[in-house]
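Shown next, in structure tokens, is the structure this report addresses.
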There are 2 protein chains.
Amino acid sequence: MSDWSLDGSSGVPLYVQLRQQIISRIITGEWPPGFQLPTVRQLAVDVRINVNTVSKVYSQVEQEGFIVTQKGKGTFVRSELSWRQSAQGRGEELQQFAKLVKEMADAQGISLGELMEVLTDMRNKERPS
Amino acid sequence: MSDWSLDGSSGVPLYVQLRQQIISRIITGEWPPGFQLPTVRQLAVDVRINVNTVSKVYSQVEQEGFIVTQKGKGTFVRSELSWRQSAQGRGEELQQFAKLVKEMADAQGISLGELMEVLTDMRNKERPS
DNA sequence: TCCATTGTCATAGTGTACTATTACAATATA
DNA sequence: TATATTGTAATAGTACACTATGACAATGGA
């Protein structure tokens, strides 16, 4: 599924969205340890943003322990040991957010099943394969 | 839960975060129809941002049909939530809600895939088949 | 060695989020 | 009528997200 969905008009900065999608790929295992990420220049072309913005994201994600970059070689996913801790904190945020979503759905008499159905459609439309 | 969690270092604009938390309160019923929202000045103090930023958020949320503001009086949750009523039936309502959920997820750096995974677990635990 | 590829950095320009400050308009109350 | 409170608006300054461009450093292969 290696395509991207960046929304330049959502108010959320591009580098935040890109970072999220990269980390998501790593955590889900789509990009396993040792996997070489797209080059900064290639990714910049793919998602149609500037090289500097991609570089900024890579640096940040490296700071968080998910990847390691090497000049002249490329950028690679680190072993799981390195980012498990970061992933844990992220998981807790996720739980909290999911709980809120459920509360909101309940308040409107919307079941999680219904909601997820629509979200699935929404995601499929966003990334036309 | 009437406190706020604005993260000024998350990269997500404050006005985006504040908008979502306000809408969330309205949808969950914590702020029912007719409820008077904090004054722009009070909210500015509470969340430690500028009055103009709060005012910008209120204007936006009013545009979306959730609240109505009156000079000299205050800002109130609308009695008929127009974003719901204007929607033609339950399908539209669902779409609107799902869209909001996606916006909120984006703003928190959470992908729909991750969210749905957690929601699925949550549902399975609720009603073990 | 030469050359292409990798990530990084510096500079400069544009747009916007956020701030502080001040002033104004509409409303409620004494 | 005064006074306080409400939301709104104008101005100006700071910070940063994003861009384009060009140059540099490390790596690897011909």
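Convention: sequence-line order gives letters A, B, ...; per-chain numbering from 1.
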If you check the Lys73(A) side chain, which of dA17(D), dG28(D), dT8(D) turns out closest?
-> dG28(D)
Grab the CG-C1' distance between Leu14(A) and dA20(D) for me, whole Å please.
-> 16 Å
Whole angstrom is fine here: how far is it from CD in Gln36(A) over to P in dG28(D)?
-> 12 Å
Short side-chain donor-acceptor distance under 3.5 Å, Gln70(A) and Thr75(A) = no
Within residues 35-81 of chain A or reaching into it, pairs that qualify as ring-ring contact (aromatic ring centres under 6.0 Å, His included) - sequence neighbours excluded | Trp31(A)-Phe35(A), Phe66(A)-Trp83(A)
How is Thr53(B) classified with respect to the nucleic acid when contacts are heavy atoms under 4.0 Å: base, sugar-phosphate, or nothing?
-> base
Is any side-chain N or O of Asn52(A) under 3.5 Å from a base N or O of dT21(D), one able to act as donor and the other as acceptor?
-> yes
Short N-O contact, Lys125(B) and Asp121(B), less than 4.0 angstrom = no
Using a cut-off of strictly less than 4.0 Å, decide whether Ser55(B) has a side-chain nitrogen or oxygen near OP1 or OP2 of dA9(D).
-> no
Quickly work out the Asn50(A) CG to dC18(D) C1' distance and round it to whole Å.
-> 7 Å
Whichever of Tyr15(B) and Arg41(B) has the more 5' nearest nucleotide on DNA chain C, that residue is Tyr15(B)
Shortest non-hydrogen contact from Val12(A) to Gln17(A)?
-> O-NE2, 2.7 Å
Relative to the 5' end of DNA chain D, which residue comes earlier, Glu62(B) or Pro13(A), by the nucleotide with the nearest heavy atom?
-> Glu62(B)
Chain B reaches DNA chain C, atoms under 4.0 Å from its heavy atoms, from dA17(C) to dA28(C)
Answer yes or no: is there a donor N or O on one side and an acceptor on the other, between the side chain of Gln21(A) and the main chain of Trp4(A), under 3.5 Å?
-> no
If two hydrophobic side chains count as joined below 4.5 Å and joins carry through other members, does Val68(B) share a cluster with Ile26(B)?
-> no
Quick one: on DNA chain D, does Thr39(B) or Ile49(A) contact a more 5' nucleotide (nearest heavy atom)?
-> Thr39(B)
Separation of dT19(D) atom C1' from Arg48(A) atom CZ, nearest Å, is 16 Å
Minimum heavy-atom distance Asp3(B)-Arg25(B), with the two atoms named | O-NH2, 2.7 Å
